Asker: 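The structure's right below; bear with me while I get my questions together.
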There are 2 protein chains.
Amino acid sequence: MGKYHHGDVRNVLLQKAETILTEEGPTGLSLRRLARMTGVSEAAPYRHFDGKDGILAAVAISAFERFAEQLETVAANVERHEERIMKLGAAYVGFAVENPQHFRLIFGRERPPLDQYPELREAADNAFDVLQRAVTSVDRKAEMTLSEAATAYNRALAAWSRAHGIAMLVIDGMIAPPADQELGDFVLGLLAEDLIAPNDA
Amino acid sequence: MGKYHHGDVRNVLLQKAETILTEEGPTGLSLRRLARMTGVSEAAPYRHFDGKDGILAAVAISAFERFAEQLETVAANVERHEERIMKLGAAYVGFAVENPQHFRLIFGRERPPLDQYPELREAADNAFDVLQRAVTSVDRKAEMTLSEAATAYNRALAAWSRAHGIAMLVIDGMIAPPADQELGDFVLGLLAEDLIAPNDA
DNA sequence: TTCTTATGTTAACTGAGTTAACATTATCGC
DNA sequence: GCGATAATGTTAACTCAGTTAACATAAGAA
């Protein structure tokens, strides 16, 4: 005789969903299990979310928001352009390492289709905007020629790719920092590796 | 009254598994469906594979092999070290773009655990060896100091990360070549972006 | 108060993974 | 050739997931 309308089911579901996602990833997240954990009937979640994708979308949205916030903070607090790119990359990888499941959720194939969740699309766009602005904005406010702009854009993409690749390989356990090195230093080292001119033959 | 022992079930299953994986990814691949497509009972696949992970492992192994082959071919046919890294990166991304589902399978979280499939581990290790050898081997066979070796290793990781990041972002639809550019040129451009010394302030 | 909406319930359907129990065919030692 | 054994196939069942329909009750507006 579960009491009807305890009024907070949606939030509780979201909360538990966060927990499960963090611990086991989207595959382990099942609506039935969620319902059981919440002490509510197995169909109840459907009153609050548009099926499994719906709940994943909700979680993904908040993940995108945290992600964007963290990047924004870093970007806002570093003056030099190069340093900003580096720190941003480190923050990018840092988020991935601290929240691997969320990172996978927002980038991977399990992410609900953006077309079907406008708020999700918005959250995603916003996060990428933060990234892009932070990377492309240069210190001096000189006007750029078209080709300079193109170069800046490509450099942004290249930087993003670099961070993304490191993040992915690290959370998938393909590469790891050597025993005597902190993760942060390791990442910064890798990011720097490409910035240093390899002007050998 | 399906005839017993038509003798090729395993291969047919693998074949169909390839097809489904290519078209829909690992989620769409179901043993029951596979069995139905093959015209065999729904439990039959379990005689040939160790459950779903087993069949995924088999597919992943062959994917790793193709991947390694393609990288090897590229690495073997380019003399200059820098050019080899570039071409290798392009091939890496090329494989991902041409076989996105396979690429995801061998790198992603759906990949069966390496611990449980020794042949899979072997295939994986082999592919990464190819990569690493190709990237770290330098033209001149000078002996390296320890710190030089460490640098070379880090540079290899950086190059790998770069290619991996581009591959991921492209197959996940996060970045795309501009309309007037071929994918290959686009990728080479991004790869080069980091190799060119950005020696501005 | 009564009508409507939101939110909860139970029960059912579908489809997946997996296993057990059983049946048939190959194959190998004799 | 023949019989034991392994390999390979079958059916039937179990569990769990997602999802929906039909129904019940609580809250709030008219």
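Below, chains carry the letters A, B, ... as their sequence lines are ordered, and counting in each starts from 1. A quick note: this is a predicted structure, and the numbers were derived from the prediction, not measured. The figures here come from the full heavy-atom set of this structure, side chains too, leaving out hydrogens, waters and symmetry mates.
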Asker: Whole Å only: how far is the CG atom of A:Asp53 from the C1' atom of D:dA17?
Answerer: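 Going from CG in A:Asp53 over to C1' in D:dA17 covers 14 Å.
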Asker: When we call it a touch if two heavy atoms are under 4.0 Å apart, what does B:Arg10 touch: a base, just sugar-phosphate, or nothing?
Answerer: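 Nothing, no heavy atom under 4.0 Å.
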Asker: Provide a list of protein-nucleic acid N or O atom pairs under 3.5 angstrom, restricted to nucleotides 20-22 of chain D.
Answerer:
{"unit_1": "D:dA22", "atom_1": "N6", "unit_2": "A:Arg47", "atom_2": "NH2", "d": "3.1"}

Asker: Answer with base, sugar-phosphate or nothing: what part of the nucleic acid does B:Ser30 contact at a heavy-atom distance below 4.0 Å?
Answerer: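 Sugar-phosphate, no base atom in range.
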Asker: Would you find more than 12 non-hydrogen atoms of other residues, nucleotides or ligands less than 6.0 Å from B:Gln181 atom CD?
Answerer: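 For B:Gln181, atom CD is crowded (more than 12 foreign heavy atoms under 6.0 Å).
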Asker: Quick check on the helix from C:dT1-D:dA30 to C:dC30-D:dG1: what's the angle between its two end axes, five base pairs per end, to the nearest 10°?
Answerer: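 The value is 10°.
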Asker: Quick one, A:Asp53 and A:Tyr117 - any side-chain contact, counting heavy atoms below 4.5 Å?
Answerer: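 Result yes, sub-4.5 Å side-chain heavy-atom pair found.
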Asker: Please check if the distance between the ring centroids of A:Phe128 and A:Phe67 is under 6.0 Å.
Answerer: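 No - the distance between ring centres of A:Phe128 and A:Phe67 does not fall below the 6.0 Å cut-off.
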Asker: Taking the six-membered ring for Trp, are B:His164 and B:Trp160 parallel (under 30°), tilted (30 to 60°) or perpendicular (over 60°)?
Answerer: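 Judged by the thresholds at 30° and 60°, the geometry between B:His164 and B:Trp160 is perpendicular.
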Asker: Nearest whole Å is fine: how far is C:dT7 P from A:Leu13 CG?
Answerer: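 From A:Leu13 CG to C:dT7 P: 12 Å.
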Asker: Tell me the closest heavy-atom pair linking B:Phe64 and B:Ala123, and the distance in Å.
Answerer: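 So the minimum-distance heavy-atom pair works out to CB-CB, 3.7 Å.
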Asker: What do you reckon, is CD of B:Glu182 surrounded by more than 12 foreign heavy atoms closer than 6.0 Å?
Answerer: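 It does not: B:Glu182 CD has 12 such atoms or fewer within range.
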Asker: Let me know the distance between CG of A:Asp8 and P of C:dT7, rounded to the nearest Å.
Answerer: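 Atom CG in A:Asp8 sits about 12 Å away from atom P in C:dT7.
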Asker: Could you check whether B:Ile55 gets within reach of a base, just the sugar-phosphate, or nothing at all, counting any heavy atom under 4.0 Å?
Answerer: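 No contact.
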Asker: Can you give me the closest heavy-atom contact between A:Ala63 and A:Ile106, atom names plus distance?
Answerer: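 In this case the closest contact between A:Ala63 and A:Ile106 is CB-CG2, 3.8 Å.
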Asker: Report the distance from atom CZ of A:Phe49 to atom C1' of C:dA6, rounded to the nearest whole Å.
Answerer: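 That distance rounds to 15 Å.
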Asker: Can you tell which of D:dT19, C:dT18, C:dT9 lies closest to the side chain of A:Leu31?
Answerer: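 So the side chain of A:Leu31 is nearest to D:dT19.
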Asker: Between D:dT10, C:dT9, C:dT7, which one does the side chain of B:Ala44 approach most closely?
Answerer: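 Nearest to the side-chain atoms of B:Ala44, counting from C-beta on, is D:dT10.
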Asker: Return the minimal non-hydrogen interatomic distance between A:Leu13 and A:His48, and the atom names on each side.
Answerer: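 The answer is CD1-CD2, 4.4 Å.
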Asker: What is the distance from atom CG of A:Leu105 to atom CD of A:Glu110, rounded to the nearest 0.5 Å?
Answerer: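 So the CG of A:Leu105 and the CD of A:Glu110 are separated by 8.0 Å.
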Asker: Which nucleotide in the list D:dT10, D:dG18, D:dT8 gets nearest to the side chain of B:Val40?
Answerer: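 Closest of the options to the side chain of B:Val40: D:dT10.
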Asker: Give me each pair satisfying salt bridge (charged side-chain N to carboxylate O under 4.0 Å, His left out) with a member in residues 25-40 of chain A, each pair once, sequence neighbours excluded.
Answerer: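 Qualifying pairs: A:Glu24-A:Arg33, A:Arg32-A:Glu42, A:Arg36-A:Glu42.
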Asker: Between A:Leu29 (CG) and D:dT19 (P), how many Å, whole number?
Answerer: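 The distance from CG of A:Leu29 to P of D:dT19 comes to 12 Å, rounded to the nearest Å.
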Asker: Just how far, in rounded Å, is P of D:dA7 from NE2 of B:His48?
Answerer: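 From B:His48 NE2 to D:dA7 P: 12 Å.
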Asker: Without decimals, in angstroms, what is the distance between A:Leu34 CG and D:dC16 C1'?
Answerer: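 Computing the A:Leu34:CG to D:dC16:C1' distance gives 15 Å.
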Asker: Output the rounded distance in Å from CZ (A:Arg36) to C1' (D:dT15).
Answerer: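 So the CZ-C1' distance, A:Arg36 to D:dT15, works out to 11 Å.
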Asker: Report the nucleotide, chosen from D:dT19, C:dA16, D:dG9, that has the shortest atom-to-atom distance to any side-chain atom of B:Arg32.
Answerer: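 Among the listed nucleotides, the one closest to the side chain of B:Arg32 is C:dA16.
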